[in-house]
Amino acid sequence: TLQGVYDRVPDKSEWGKYVDTSTLETCYNYAGIVLKSADSLTQDEIDACTADLKAAIANLKYHTTAIALNKGTASIKVGKTDTLRAVLSPTGAGDEVTWSSSDKDVITVEKTSELEATVKVLKYSKTAVTVTATSNGLSASCTIKTLNPLDGAQLSKNEIELYQDETHTLKATAIGVDASAAPTGDVFYTWSSDNTTVAAVSDEGVVTAINPGTCNIYHHLVHTDPSS
């Protein structure tokens, strides 16, 4: 009934905080006018008014009262992208979502739909970057750590000869998108010998000859993040 529809219109003074007040007032006043003149309307006219009012109420735009993101942290390689999605309360809130990056030189953010945005890592940064979504004055953020996609390393020597108990320090130069930034908190180096009875190598790359023979010294570039 029209009375039932009218009763669905919330109290203006309270709900004005959460919905588009101009639309709400239009619905409220319209329902009141129709009710007052209901005695002079035909049933078809009342049904038509009821349908109009239902449609208007269904299209009320609710203001955002809370916002969250689908993830609070992320680790992304240089040159790669990820998608962030805002979740608004109440469901169907009509306030616009805007996006921002705390460092646009490192990470850009581009709105791709009403609630989603694509973030892209342009270059490596030792400092994490914050991407923020804002709606109706409320905000939620994702802290993004950039990963340095190193391809490997070049050693200072490809072959060395040592007498027993002699030492030699090998140096490694990182090769990759941003090799100048390595090693970082996301990557570290390890060293190993395939025959420790012939020669050993320390964590700093110092090779020590132990006994006559031949062995291979390996330099390993290890990523702490398995996705890297």
Side-chain angles (χ1 to χ4, degrees), residues 2 4-34 47-125 127-149 177 186 225-228:
L2 185 59
V5 177
Y6 178 69
D7 290 341
R8 287 180 57 200
V9 180
D11 176 72
K12 288 186 293 182
S13 62
E14 179 64 22
W15 277 66
K17 301 174 185 176
Y18 309 112
V19 301
D20 185 322
T21 53
S22 61
T23 305
L24 177 62
E25 189 163 353
T26 299
C27 294
Y28 195 91
N29 291 340
Y30 178 63
I33 292 171
V34 173
D47 290 344
C49 292
T50 301
D52 289 344
L53 188 56
K54 282 182 177 179
I57 293 174
N59 289 326
L60 284 175
K61 295 297 184 181
Y62 291 82
H63 290 309
T64 303
T65 59
I67 182 172
L69 294 182
N70 60 323
K71 59 183 72 175
T73 60
S75 297
I76 310 173
K77 289 182 182 180
V78 173
K80 299 298 183 179
T81 63
D82 199 0
T83 298
L84 294 179
R85 179 178 177 82
V87 180
L88 304 182
S89 296
T91 302
D95 289 308
E96 181 184 9
V97 178
T98 58
W99 299 85
S100 63
S101 168
S102 63
D103 192 338
K104 296 178 182 178
D105 292 333
V106 175
I107 293 180
T108 59
V109 56
E110 180 180 359
K111 186 172 182 176
T112 54
S113 69
E114 186 177 349
L115 296 176
E116 291 185 339
T118 297
V119 295
K120 181 175 183 178
V121 178
L122 302 180
K123 64 180 182 179
Y124 174 77
S125 173
T127 304
V129 176
T130 301
V131 172
T132 302
T134 303
S135 179
N136 194 31
L138 304 172
S139 62
S141 298
C142 177
T143 301
I144 300 176
K145 181 173 66 173
T146 60
L147 297 177
N148 196 12
V177 173
D186 304 319
D225 189 319
S227 66
S228 63

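Keep in mind that the numbers below use all heavy atoms, side chains included, and drop hydrogens, waters and symmetry copies.
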- pair Cys142-Ile144: side-chain heavy atoms closer than 4.5 Å: yes
Counting only pairs under 3.5 Å, give me each side-chain donor-acceptor contact of residues 106-114, with atom names and distances, residues two or more places apart or in other chains.
unit_1	atom_1	unit_2	atom_2	d
Lys111	NZ	Val97	O	2.8
Thr112	OG1	Glu116	O	3.4
Ser113	OG	Glu116	N	3.2

- Message: I'd like to know whether Val129 forms a side chain to side chain contact (heavy atoms under 4.5 Å, CB included) with Ser101, so could you lay out the CA-CA distance, the side-chain angles of the two residues, the decisive distance to 0.1 Å, and finally the verdict.
- Response: CA-CA 7 Å; Val129 176; Ser101 168; 3.6 Å; yes
- Could you tell me which non-hydrogen atom of Gly79 sits nearest to which non-hydrogen atom of Lys120, and how far apart they are? O-CE, 4.0 Å
- Taking side chain to side chain donor-acceptor pair (under 3.5 Å) as the test, write out the residues that go with Ser135, two or more places apart. Thr64
- Item | Spacing of Leu138 atom CG and Thr65 atom OG1 [to the nearest 0.5 Å] | 7.5 Å
- Task: Return the set of residues passing salt bridge (Lys or Arg N to Asp or Glu O under 4.0 Å) with Lys104 (not counting sequence neighbours), or none when no residue passes.
- Result: none
- Task: Under the side chain to side chain donor-acceptor pair (under 3.5 Å) rule, collect the residues that match up with Ser141, sequence neighbours excluded.
- Result: Thr132
- Item | pair Leu88-Asp95: side-chain heavy atoms closer than 4.5 Å | no
- Item | Non-neighbouring partners of Ala140 that pass side-chain contact (heavy atoms from CB on, under 4.5 Å), sequence neighbours left out | Ile67, Leu69
- Query: Do Thr81 side-chain atoms and Thr118 backbone N/O form a donor-acceptor pair below 3.5 Å?
  - Reply: no
- Item | Shortest non-hydrogen separation from Trp99 to Ala133 and the atoms involved | CZ3-CB, 3.6 Å
- Query: What pairs of residues pass the salt bridge (Lys or Arg N to Asp or Glu O under 4.0 Å) test when at least one of them lies in residues 128-137, not counting sequence neighbours?
  - Reply: none
- Taking every heavy atom of Lys71 against every heavy atom of Asp82, the minimum-distance pair comes out as NZ-OD2, 2.8 Å
- Taking only residues two or more places apart in sequence or in another chain, which ones pass side chain to side chain donor-acceptor pair (under 3.5 Å) with Asp103? none
- Enter the distance from Lys145:NZ to Thr73:OG1 here, rounded to the nearest 0.5 Å. 9.0 Å
